[in-house]
Amino acid sequence: MPELPEVEMSKRYLDSTSLHQRISNVEVHDSYVLERISARELGRRLRGRRFQKSERHGKHLFVRAGDELWLRLHFGMTGALEYLKHDKVAPKTARVIFRFSNSCALAFDDQRKFGEVGLIENVEKFLRTRGLGPDALEISFPGFKAILSKHRGATKAILLNQQLIAGIGNLYADEILFRARMHPASEAARLRDKDLARLFRATRQVLAKAIALKTDFNRLPKSWLLTRREKRGRCPRCGRALQSATIGGRTSWFCAHCQKRI
DNA sequence: CTAGATGTTAAGGT
DNA sequence: CACCTTAACATCTA
């Protein structure tokens, strides 16, 4: 479930496993995930280089491999990284494998192939071109407020719009709205300062807590909606049945009693 | 067998 | 222009 917290975990995983090793080869097992680059070119540009550091923005991960050379990873719906120690065999759905000269490797695994692997020259330029908004954990309250109040539409749709705020996906958006006790369909432009402050606090709290718990769903607090986000799920706060509705094109789960429409 | 699933984008409508 | 909905992508599971 690669939303901001999961991508942050992938960043830390990559940082702790895959830096400073000489890239000896790049195997592309399915070029469907390659973005604007051929398998041959990807290998040609990366071979002989080392991953130096990584940066995350929203759901994107950038790995520096040289001057003006960054690997860009997006995890789509099912993307994940797996470090393969000493020729350990890659998972069947590994789409790209970065082989290191120490016989270890980093696999980009992606069952559903909605992920993206590409090379870019400049992170800032990429963010601009892609039109991504500020990272959900970097944005300030004034910035958050400005974005929400300037746009019409359901609050949840704004939270999900990567061009406005980058990193929040469908699951965490539901949790954020639950913690802020706000109905997902509340008109964003109508939120008052105290509502915005609540929503901002919930955003930071949910994302930070998810990271602190290493995005392990089994360890999420019992008070969270996420663990009950399913048919016949009940509100952890009041015990009433949760409802689902399509908002912003995605399925939303919420408690109609605790989350009032503003 | 069918519907739906964590992400993104294009197309068409209001 | 700003917003909405729907469909599409690939693949698995309930």
Side-chain angles (χ1 to χ4, degrees), chain A residues 1-11 28-36 56-62 72-81 91-96 108-118 120 126-127 129-133 135-136 146-178 184-191 203 206-207 210-211 213-218 220 224-233 242-254:
Chain A
M1 291 147 271
E3 300 184 30
L4 185 153
E6 285 79 15
V7 179
E8 178 63 24
M9 295 313 293
S10 291
K11 169 182 164 45
V28 175
H29 291 200
D30 193 327
S31 57
Y32 187 89
V33 299
L34 297 187
E35 273 286 298
R36 300 150 155 259
R56 182 191 59 71
H57 186 102
K59 303 173 189 173
H60 292 261
L61 185 58
F62 307 97
R72 179 180 74 82
L73 301 175
H74 188 284
F75 297 91
M77 300 267 269
T78 54
L81 295 178
K92 200 184 298 177
T93 48
R95 308 304 180 186
V96 180
F108 178 81
D109 184 71
D110 186 11
Q111 178 188 98
R112 284 169 62 183
K113 301 198 281 193
F114 286 174
E116 299 170 2
V117 175
I120 59 170
F126 171 81
L127 298 179
T129 309
R130 186 92 165 205
L132 284 181
D135 184 85
I147 288 168
L148 273 286
S149 52
K150 275 193 194 96
H151 291 269
R152 287 181 290 159
T155 300
K156 177 161 176 181
I158 312 284
L159 292 178
L160 289 177
N161 187 335
Q162 303 300 302
Q163 320 233 53
L164 300 180
I165 301 171
I168 301 170
N170 198 31
L171 294 191
Y172 289 110
D174 276 357
E175 188 64 49
I176 288 166
L177 289 157
F178 177 69
S186 300
E187 269 292 321
R190 295 185 50 196
L191 302 186
T203 299
V206 165
L207 298 177
I211 292 170
L213 294 176
K214 300 190 187 309
T215 65
D216 180 350
F217 267 46
N218 296 319
L220 296 184
W224 279 29
L225 174 85
L226 274 187
T227 49
R228 335 251 181 127
R229 196 182 172 283
E230 60 190 354
K231 232 182 218 161
R232 293 206 298 283
L242 294 177
Q243 316 214 330
S244 69
T246 300
I247 297 165
R250 315 298 303 284
T251 302
S252 301
W253 287 89
F254 59 97

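The structure presented is a predicted model; accordingly, all values stated were derived computationally and were not measured. Protein chains get the first letters and strands the later ones, always in sequence-line order, with residue 1 at the start of each.
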- [ ] Let me know, please, whether A:D30 or A:I158 comes out on the 5' side of the other along DNA chain C by nearest nucleotide.
- [x] A:I158

Identify which nucleotide among [options] has an atom closest to any side-chain atom of [X], counting heavy atoms from C-beta outward.
| X | options | value |
| --- | --- | --- |
| A:Q111 | C:dC12, B:dA5, B:dT8 | C:dC12 |
| A:Y32 | C:dC3, C:dA10, B:dT8 | C:dA10 |
| A:K113 | C:dA10, B:dT9, B:dG7 | C:dA10 |
| A:H74 | B:dG7, B:dA5, C:dA2 | B:dG7 |
| A:K59 | C:dC3, B:dA5, B:dT8 | B:dT8 |

Task: Separation of the P atoms in B:dT8 and C:dC1, to the nearest angstrom - done: 23 Å

[X] side chain to [Y] backbone, donor-acceptor under 3.5 Å:
| X | Y | value |
| --- | --- | --- |
| A:H57 | A:G167 | no |
| A:E3 | A:L171 | yes |
| A:N170 | A:T251 | yes |

Open item on the list: If the cut-off is 4.0 Å, is A:R130 near the phosphate of B:dT9, judged by side-chain N/O to OP1 or OP2?
Closed with: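 A:R130 to B:dT9 OP1/OP2: side-chain N or O found under 4.0 Å.
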
May I ask you to say what [X] touches in the nucleic acid, namely base, sugar-phosphate or nothing, with a heavy-atom cut-off under 4.0 Å?
| X | value |
| --- | --- |
| A:Q162 | sugar-phosphate |
| A:T251 | sugar-phosphate |
| A:A188 | nothing |

Separation of atom [atom1] in [X] from atom [atom2] in [N], rounded to whole Å:
| X | N | atom1 | atom2 | value |
| --- | --- | --- | --- | --- |
| A:I165 | B:dT8 | CD1 | P | 14 Å |
| A:M77 | C:dT13 | CE | P | 14 Å |
| A:L160 | B:dT8 | CG | P | 9 Å |
| A:L34 | C:dA10 | CG | P | 15 Å |
| A:L73 | B:dG7 | CG | P | 17 Å |
| A:E187 | C:dC4 | CD | C1' | 12 Å |
| A:L61 | B:dG7 | CG | P | 17 Å |
| A:L159 | B:dT8 | CG | P | 14 Å |

TODO: Using the closest heavy atom to pick a nucleotide of DNA chain B for each, name whichever of A:R112 or A:Q163 lands nearer the 5' end.
DONE: A:R112

- [ ] State the CZ-CZ distance between A:R229 and A:F217, to the nearest 0.5 angstrom.
- [x]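 Nearest 0.5 Å value for the CZ-CZ distance: 9.0 Å.
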
Task: Distance in Å, A:K59 NZ paired with A:Q162 CD, rounded so as to fall on 0.5 Å steps - done: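 Between atom NZ of A:K59 and atom CD of A:Q162 there are 4.0 Å.
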
- [ ] Check whether any side-chain heavy atom of A:R72 lies under 4.5 Å from a side-chain heavy atom of A:R130, and answer yes or no.
- [x]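 They are in side-chain contact.
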
Open item on the list: Parallel, tilted or perpendicular, judged at 30° and 60°: which one describes the rings of A:F108 and A:F75?
Closed with: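 The arrangement is tilted - the two ring planes meet at 30° to 60°.
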
Open item on the list: Taking Watson-Crick (N1-N3 plus N6-O4 or O6-N4) and G-U wobble (N1-O2, O6-N3), each under 3.5 Å, can you produce the dot-bracket string of DNA chain C? Use [ ] for crossing pairs and | for inter-strand ones.
Closed with: .||||||||.||||

TODO: Answer yes or no for this row: A:F114 ring on B:dT8 base, centroids under 5.5 Å, planes under 30°.
DONE: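 Aromatic stack with B:dT8 absent for A:F114.
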
Open item on the list: Using the ring centroid of each side chain, check whether A:H60 and A:F126 are separated by less than 6.0 Å.
Closed with: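 Between A:F126 and A:H60, which both carry aromatic rings, the centre distance is below 6.0 Å.
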
